[in-house]
Structure formats: C-alpha cells, structure tokens
There are 2 protein chains.
Amino acid sequence: MAMSEESGSAKTAIKMIQEAGARATAARLTVLRILLSADHALTHSDVEQAASAAGDLIERVTLYRVLEWLVDQGVAHKTLGLDRVWRFNAHHEAISNHAHFNCTDCGRVYCMESLNPVFAITLPPHFQLQQADVSLQGLCPCCTD
Amino acid sequence: MAMSEESGSAKTAIKMIQEAGARATAARLTVLRILLSADHALTHSDVEQAASAAGDLIERVTLYRVLEWLVDQGVAHKTLGLDRVWRFNAHHEAISNHAHFNCTDCGRVYCMESLNPVFAITLPPHFQLQQADVSLQGLCPCCTD
DNA sequence: AGGATTAAGCAACTCAGTTGCGTAAAGGTC
DNA sequence: GACCTTTACGCAACTGAGTTGCTTAATCCT
Ligand SMILES: [Mn+2]
Ligand SMILES: [Mn+2]
Ligand SMILES: [Zn+2]
Ligand SMILES: [Zn+2]
C-alpha cells in the first residue's frame, strides 16, 4: 500500500488527535502539523499565516479554539511571550517541564526540551508551591551576528 | 520641625524620584507611594483603584505613563502575569534579580526578593543567554485554606 | 516676566483574545 | 440509508489592556 503524500508527522498528527478520542478535523490536523514542524513556538498569527500559505485557510476564532483545544488535550502547550502574546508548541515526545528561551531581538520563543534546571527554593511561610518555570532571555541562532 | 502627615515611605518616594533628577509630580508620588506600600505587584487598575480610594484620581493614560516612567528610572519593575496583564512593584532597596510567585487562585504576583535561585544551564549552539528568570506558581497566603 | 521644556488630559485607536449564536458536519442508532 | 444527537465551524460583535497623537497646563530656567 503506497504512502500518501503526507509522510512522517502527518500520520503522527492524526494519531495524536485520535488518541485523544476526538474528531480529527481538517483544522485540527493542519494546526497540529504546523506546530509539529516548527522549531519554535508559534503565535496564533504565525499559525494562521503558515496555514494560509499552504492553502488551508482557517477562520480566526476556529484557530483560537483549536489551539486551546490542543493544549487542553495535552498535545500542545503554550507560553506567554514578553509581548503579551501566547505562543504554542507541540512535541512528538511527551511534554515534560522545560525552560523557554525568548529571543530579545526577533521575539521568537524556543522550548529548551532537554533543559530542566533544578534549584532549591524556600518560600516564605504560607506560600504553597505548585510549579516553577524558568524563562531565559537572549539571542537566538537567527539573531546572533 | 514637625513631620508632615506623610511619614516613612512618603519621604522615600520623593527622594527616589528626585534622585532620578526629575519632577516629583503629584501623579508620580501617588503611584510610587502606592507601589511602595503594597506587599505584592499591582496592576494598572489596582493602582488606579487605590489612588481613587485615597482621593487622588489619576487619568488612565497618565497612570500608564507614570508606571512606565518609574520602570525606566529603575525605581519600579514590572512582570507579566499569566492573565497577560503587567504588574508593577517598587522596592525600597535596590532591585536585584529575584523570582516571582504567581498565585493560581487570586492571580496576585509577589516578588520573592530574597529568592534568587541559581542553576546551571547549557544552551544549544548559537544561543546567547542574557538573562534568566524564575516564575513560581502556587497558592499565596491569602488563598491557602 | 517670558520662552522653553516636560507632564497631564482627552479622544481615538490597536490588537490579542472572547462570547454568543446560528449553521454545518460528524457519529451513533435503528 | 434516514433520523436524531453531538460536536465543530463561521461570522459578527464584543472586551480589555495598552498606545498614539495632539492639545492644554505645569514647571523650570535665565
Ligand atoms: Mn515549551
Ligand atoms: Mn519583582
Ligand atoms: Zn531571534
Ligand atoms: Zn492568592
């Protein structure tokens, strides 16, 4: 049986969605594929542009809902950039705690998947810690001279 | 010479602004005093409410500009909450690197001044690190049962 | 006092993200 | 396959934080 023109990540995208026990709609597949093939976290409008560039235009609100849905399903996750814009990322592997790198020049956000800094913290009384995130700032490979 | 009805932080607020070599306007003093007397970081509207509660109402845009100005002067600093809203904080002491604690229940943000977690990070090639921030999530004293 | 500089006030705007609601597209049942 | 139920999409209108431009009012300086 011949493989369709969609190879690699395509199959994975469908699987990831079906494993969530939900409908693999065109919008969800398109968005997840875009996220999976990106090397950095994408904004709503990054995804919108990527989709329409590929001929799959997705309605604004649908896109917002799909992105949020992917996060709820645990298939993607989001981070807030310093420009107050959410950026989304999907991983082939299970998502573990990791740091995010914000480029101060181009604004791109990268997930540093293998980077899970550990540190000891002692909070003042009556604070209950649930989670700790590390956010890094600097220049990304695109913006290094 | 009798002390005016403004004690403690009032004097400090004036000093802090004058040391920046700028005009100590009513709006700046009011805002800085409010920030100095808060035990957590305040949003624009937190400050607006606090000011008008004290009878000093400040125009929306002026408030935005004053807050930004205080940050530029190094007198205050701001952090982005998970609700995409900036929160401002002023310190009597010089501002050093510190972690921020976000309450997942009430949304308040606290500066953990004495908490400066250190950790080792090795970035992928061509990433140039400039700064690292730690953001903590959990329940604050107000929200702990 | 008089002119230059800086801040405040106001209105209109931007932009990411939401909400409500009607319509279309699956899924499931017989 | 027709029929009904559930879920997703599409569109329009809305929200709310933060900005911009421009005019008026305070300060500062000589
Ligand atoms: Mn990530
Ligand atoms: Mn702080
Ligand atoms: Zn960059
Ligand atoms: Zn709280």
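When reading the values below, keep in mind they use all heavy atoms of this one structure, side chains included, and skip hydrogens, waters and symmetry mates. By convention in this document, chain letters (A, B, ...) are assigned in the order of the sequence lines, proteins followed by strands, and residues within each chain are numbered from 1.
Under the ring-ring contact (aromatic ring centres under 6.0 Å, His included) criterion, A:His100 pairs with A:His77, A:His98, not counting sequence neighbours.
In this structure, B:Asp83 atom CG and D:dG18 atom C1' are separated by 13 Å, rounded to whole Å. To the nearest angstrom, C1' of C:dA16 lies 12 Å from CZ of A:Arg87. The interatomic distance linking B:Gln18 (CD) with D:dC28 (C1') rounds to 14 Å, in whole Å. Nucleotide D:dT20 holds its C1' atom 14 Å from the CD atom of B:Glu68, rounded to whole Å. Distance B:Asp46 CG to D:dG18 P: 11 Å, rounded to the nearest Å. The separation between B:Tyr64 atom OH and C:dC10 atom C1' is 15 Å, rounded to whole Å. Nucleotide D:dA17 holds its P atom 15 Å from the NZ atom of B:Lys78, rounded to whole Å. Rounded to whole Å, the distance from CG on B:Leu29 to P on D:dT27 is 12 Å.
Put simply, the side chain of B:Val66 does not reach to within 4.5 Å of the side chain of B:Thr25, judged on heavy atoms. Annotation: side chain of B:Leu80 is in contact with side chain of A:Leu80 (closest heavy-atom distance under 4.5 Å).
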Please encode protein proximity along nucleotides 5-12 of chain D as a string of B, S and -, counting only heavy-atom distances under 4.0 Å. -BBSSBBB
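Residue side chain B:Arg84 does not reach the base of D:dG16 through any donor-acceptor N/O pair under 3.5 Å, judged by distance alone. Side-chain N/O atoms of A:Arg60 and base N/O atoms of C:dG17 include a donor-acceptor pair closer than 3.5 Å.
Residue pairs meeting the ring pair (Phe, Tyr, Trp, His ring centres under 6.0 Å) criterion with at least one partner in residues 126-145 of chain A, sequence neighbours excluded, are A:Phe127-B:Phe101, A:Phe127-B:Tyr110.
At least one donor-acceptor pair closer than 3.5 Å links the side chain of A:Asp46 to the backbone N or O of A:Thr43.
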Using the rule given for side-chain contact (heavy atoms from CB on, under 4.5 Å), can you reason through B:Arg87 versus B:Val85, listing the C-alpha separation, both sets of side-chain angles and the distance that settles it, and then say yes or no? CA-CA 6 Å; B:Arg87 286 178 170 74; B:Val85 174; 4.1 Å; yes
